[in-house]
2 protein chains.
Amino acid sequence: MPRARLTPLSVTEAGAALIDEIGFENLSMGLLAERLGVKTPALYKHITSQADLVHRIAVRAMAQFADAIRDAIQGRAGSDALAAGAQAMRTYVLEHPGQYAAADAASSRPTGPDDPIIPAVERVVASWAAMLRGYHLDSGQEIHALRMLRSALHGFSTQEAAGGFQIDASVDDSFTWMISFLDRGLQNITAQTSSSSSLAR
Amino acid sequence: MPRARLTPLSVTEAGAALIDEIGFENLSMGLLAERLGVKTPALYKHITSQADLVHRIAVRAMAQFADAIRDAIQGRAGSDALAAGAQAMRTYVLEHPGQYAAADAASSRPTGPDDPIIPAVERVVASWAAMLRGYHLDSGQEIHALRMLRSALHGFSTQEAAGGFQIDASVDDSFTWMISFLDRGLQNITAQTSSSSSLAR
DNA sequence: TGCTGTAGGTTAAAGCCGTTAACCATGAAG
DNA sequence: CTTCATGGTTAACGGCTTTAACCTACAGCA
């Protein structure tokens, strides 16, 4: 009987593919084992537990998510960077709902100070921060704008992925409308601040 | 041995309290039974399954959530209504994270066309729509604004409840900043539309 | 080439779920 | 006082994660 030649990585990758297909909460060791042509206990030669598996999926997902956003923002600035980054996030969540759910859950409860998800999350935040720098907000408002952006994009993407937008109006239109709304607002902050500071001189 | 005098309602209420304490995904029949001073199978005399229990919790939660938002918006208009409604939502999610998660999950997948969660969701949407009417958006933009609002508030509240805002900047400040950002943006849309329409005359 | 040790599979089994069946006690109605 | 349905109980089943015990493929070395 030939061997399956599994590795921690191949198990994680298969798990990632599976979790997107069947949903975060439906992932089971039995299904994954079956998918890999192996009996359930074989998985424990490569991962220590289901929690470990989900965490590995989450770390890998957050890293790829960070890459996607960095790549989208790369070479763009201002409104273009916002639109591209936002669209990249939305696309990632829609294409990888299970992985995103895993990454999201893991990111708020790291396993420790050396959890590899932490640098991955920081890369995401750094990309958003770099994008926001194009709007020249003053330092006190940066954090607020960042949190608003994450909230709006996370909220929109997850609700869309969950089928939460049921009225028959184009979800694409709503998304681009939201992005341009946020863009206009961010530009106005800049305008107000710079005009009021020039008045103060 | 005296009886526990359970009812579907009392079981649902105890489940609602428990789900907020231990989290949506950690709810178990055994824990709930223990909390009620009863053996697990006794619960099945009042509810048909765990899925049924969660659904009852979700329906009740969505109804209370709808009440909270209606009451907050009641008697206010424009920016005041937005701020009050948004704060009511945030408070509800923070105080009832498990119930909100249940309600959110159930709302996107109703059990059928007569699922009682549907009117409850509609009441929430109606409240937001009534609030937005104060900004006099034209009908095409209403849906987009509504979706944006739900996204931003849902995203912010759930991330805060999950402990997702870890940088030490006041989350309260970020929330009020976001609300006033949204308020300003909504007012500007009105201003632009009415000025351009008056120009068109 | 043949031997051997270990990595990577297997089967068996324990423990915790949700759920159902069979049974029994409470306490309200006649 | 008797009855009997309601609302509890214990027992048991199947599915899940996980561990233990076992076995076999196959890489490295004589």
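In what follows, chains are A, B, ... by sequence order, proteins preceding strands, each numbered from 1.
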Side-chain atoms of A:Val38 come closest, of D:dG8, D:dT17, C:dT10, to C:dT10
May I have the distance from B:Asn26 (atom CG) to C:dG18 (atom C1'), rounded to whole angstrom?
16 Å
Please output the side-chain donor-acceptor pairs of residues 24-37 of chain A that fall under 3.5 Å, not counting sequence neighbours, one pair per line with the distance.
| residue | atom | partner | partner atom | Å |
| --- | --- | --- | --- | --- |
| A:Asn26 | ND2 | A:Ile22 | O | 2.7 |
| A:Ser28 | OG | A:Leu31 | N | 3.2 |
| A:Arg35 | NH1 | A:Glu21 | OE2 | 3.2 |
| A:Arg35 | NH2 | A:Glu21 | OE1 | 3.0 |

Among C:dT10, C:dG18, D:dT18, the nucleotide that comes nearest once only the side chain of A:Thr40 is considered
D:dT18
Gap between atoms CG and C1', on A:Leu43 and D:dT18 respectively (whole Å)
11 Å
Both B:Leu31 and B:Arg5 contact DNA chain C. Which one's nearest nucleotide lies toward the 5' end?
B:Leu31
DNA chain D nearest-nucleotide lookup for A:Leu27 and A:Lys45: closer to the 5′ end is A:Leu27
Short side-chain N/O contact to D:dG8 OP1/OP2 from B:His46, under 4.0 Å:
yes
Rounded to whole Å, OH of A:Tyr44 lies from P of C:dT10 at a distance of 14 Å
In whole angstroms, the gap separating P of C:dA21 from NZ of B:Lys39 amounts to 22 Å
Honestly, is A:Arg147 close enough over B:Phe156, meaning NZ or CZ under 6.0 Å from the six-membered ring centre and within 45° of the axis?
no
Expressed in angstrom and rounded to an integer, what is the separation of A:Glu25 atom CD from C:dG18 atom P?
16 Å
Calculate the interatomic distance between A:Arg3 atom CZ and C:dG9 atom C1'; express it in whole Å.
6 Å
B:Arg76 bridged to B:Asp71 by N-O distance under 4.0 Å
no
A:Leu36 atom CG is separated from C:dT10 atom C1', nearest whole Å, by 16 Å
State which residue, out of B:Thr12, B:Asp115, B:Ile47, B:Thr48, fulfils the side chain to side chain contact (heavy atoms under 4.5 Å, CB included) condition with B:His55.
B:Asp115
Answer whether the closest heavy-atom distance between the side chains of B:His144 and A:Met178 falls below 4.5 Å.
no
Atom CG of A:Asp52 to atom P of D:dT19: distance rounded to whole Å?
11 Å
Taking the side chain of A:Pro41 as its heavy atoms from C-beta onward, which of C:dG18, D:dG8, C:dT10 lies nearest to it?
C:dT10
